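One structure is given below, encoded as structure tokens.
This chain uses plain numbering: 1 for the first residue, then up along the sequence. Quick caveat, the model's predicted, so the values are computed rather than measured.
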Amino acid sequence: RFRAAMERSLITGLLAFNQQARIIYVNPGLCQLLGRSAAELLDSSAPFSFWPPEQRELCAHVHDSMLKGALPSQGVNVEFLHSSSKRLAIRQFASALVDEFGDNNGWMVSLYDITSERESANMARERDELLQYTSRLASLAEFASGIAHELNQPLAAIANYSAAAALFLEKQNTPRLIEAV
């Protein structure tokens with residue numbers, strides 16, 4: 001009863017596979033995570049209903065790696081589908097399901113929902129990209145301001161000298177030179 005109470009209390013999704021790679025156990029945390037009933041999940045085999053269609057090949061590869069005992073100990077990131085079609089970022093850990101005699105009777109899998117962490121990381125990355133873009137725009141504006149200043153100075157001098165030359169020529173009464181200036 002204590003073990004069952006602990007399993008019901010977990011928010012981590014747990015499932016177990018037998019030697020034939022069929023699901024033989026799911027905890028309530030997994031059912032809640034995927035939005036699926038235990039009856040829907042139990043005795044199913046790959047490809048699973050929670051694998052996104054465009055990710056089936058990757059999910060199948062991860063599943064086959066688990067069956068071979070080749071998943072990294074630090075877990076692997078996968079995407080699953082909630083029954084509502086919402087995408088879930090999942091960190092999956094797997095280990096051999098060993099009985100009291102040390103024999104491998106299947107595999108035990110833990111699924112952690114990392115969707116919010118991934119969304120936070122994406123927002124931080126987007127914010128950093130926006131800051132870098134804004135910084136480049138500010139640098140470009142500063143550069144353009146410097147160029148405008150550098151161009152305005154000699155143009156203003158030319159305009160002033162031209163105006164002075166036109167006034168001087170007006171006093172000399174030379175219409176063709178005034179027109180040229």
Side-chain angles (χ1 to χ4, degrees), residues 1-140:
R1 284 189 304 203
F2 180 69
R3 182 181 56 87
M6 286 191 313
E7 290 171 4
R8 282 191 306 274
S9 300
L10 282 175
I11 58 171
T12 300
L14 297 176
L15 67 154
F17 293 93
N18 63 14
Q19 289 287 6
Q20 292 73 42
R22 299 189 78 72
I23 296 177
I24 57 172
Y25 169 81
V26 296
N27 74 333
L30 179 76
C31 295
Q32 184 175 351
L33 177 68
L34 298 175
R36 291 174 165 79
S37 69
E40 180 185 351
L41 296 169
L42 288 172
D43 203 38
S44 63
S45 60
F48 298 103
S49 60
F50 49 85
W51 287 359
E54 72 284 352
Q55 299 260 332
R56 293 237 165 142
E57 192 173 312
L58 173 64
C59 290
H61 173 72
V62 169
H63 186 68
D64 290 343
S65 296
M66 176 203 64
L67 297 176
K68 293 174 186 168
L71 278 186
S73 61
Q74 68 271 21
V76 64
N77 290 346
V78 291
E79 243 186 47
F80 287 162
L81 278 178
H82 187 272
S83 63
S84 67
S85 297
K86 177 185 174 198
R87 298 284 172 155
L88 302 171
I90 300 292
R91 186 82 173 160
Q92 178 178 327
F93 297 87
S95 60
L97 186 60
V98 180
D99 66 14
E100 66 271 11
F101 304 109
D103 296 326
N104 182 354
N105 288 330
W107 298 268
M108 192 71 201
V109 178
S110 316
L111 303 175
Y112 295 93
D113 184 359
I114 59 169
T115 305
S116 60
E117 289 90 348
R118 178 158 302 160
E119 288 170 354
S120 295
N122 286 342
M123 285 185 353
R125 189 188 80 256
E126 288 171 4
R127 185 186 62 241
D128 288 346
E129 288 172 0
L130 181 61
L131 284 172
Q132 289 175 4
Y133 176 73
T134 304
S135 175
R136 286 192 301 271
L137 282 179
S139 295
L140 183 60

Is it true that, when you exclude Arg125 itself, more than 12 heavy atoms of the residues, nucleotides or ligands shown sit nearer than 6.0 Å to its CZ? yes
Greater than 12 external heavy atoms within 6.0 Å of Glu57's CD: no
Ignoring hydrogens, what is the shortest heavy-atom contact between Val26 and Leu42? Give both atom names and the distance. N-CD2, 4.0 Å
Please lay out, stage by stage, how Val98 and Met108 fare under the test side chain to side chain contact (heavy atoms under 4.5 Å, CB included). CA-CA 9 Å; Val98 180; Met108 192 71 201; over 6 Å; no
To the nearest 0.5 angstrom, please state how far the CG atom of Leu88 sits from the OG atom of Ser116. 11.0 Å
Might you point out which heavy atoms bring Ala89 and Asp113 nearest each other, and give the distance in Å? O-OD1, 3.3 Å
Please examine the side chains of Leu33 and Phe80, heavy atoms only from C-beta on, and report whether any two atoms are closer than 4.5 Å. no
Is the side chain of Glu40 donor-acceptor paired with the backbone N or O of Gly35 at a distance under 3.5 Å, no angle test? no
Checking Asn27 side chain against Thr12 main chain: does a donor-acceptor pair fall under 3.5 Å? yes
Distance in Å, Leu30 CG paired with Glu7 CD, rounded so as to fall on 0.5 Å steps: 12.0 Å
Starting at CD of Glu54, measure out to CZ of Arg56 and round the result to the nearest 0.5 Å. 9.5 Å
One should read off an interatomic distance between Thr134 OG1 and Arg127 CZ, to the nearest 0.5 angstrom, of 12.5 Å
Taking only residues two or more places apart in sequence, or in another chain, which ones meet Phe48 in a ring-ring contact (aromatic ring centres under 6.0 Å, His included)? Phe17, Phe50, Trp51, His63
Residue set satisfying ring-ring contact (aromatic ring centres under 6.0 Å, His included) with Tyr25, at least two apart, ordered chain then number -> none
Run the salt bridge (charged side-chain N to carboxylate O under 4.0 Å, His left out) test against Glu117 and tell me which residues pass, sequence neighbours left out. none
Work out which heavy atom in Ala94 is nearest to a heavy atom in Met66; give both atom names and the distance. CB-CG, 3.4 Å
Using every non-hydrogen atom in the two residues, find where Cys31 and Ala38 come nearest and quote the distance to one decimal. SG-N, 3.5 Å
Check whether any side-chain N or O of Arg87 sits under 3.5 Å from a backbone N or O of Thr115 as a donor-acceptor pair, and report yes or no. no
So, do Leu34 and His82 sit near enough that their side-chain heavy atoms are less than 4.5 Å apart? no
Tightest non-hydrogen contact, residues Ser110 and Leu14, listed as OG-CD2, 3.8 Å
In Å, rounded to the nearest 0.5 Å, how long is the span from CZ of Arg22 to CG of Asp43? 4.5 Å
May I ask you to decide if His61's main-chain N or O and Ser65's side chain share a donor-acceptor pair within less than 3.5 Å? yes
State the OG-CD distance between Ser37 and Gln32, to the nearest 0.5 angstrom. 13.5 Å
Might you point out which heavy atoms bring Leu81 and Pro52 nearest each other, and give the distance in Å? CD1-CA, 3.7 Å
Within a reach of under 6.0 Å around CG of Leu10, are more than 12 heavy atoms found that belong to other residues, nucleotides or ligands? yes
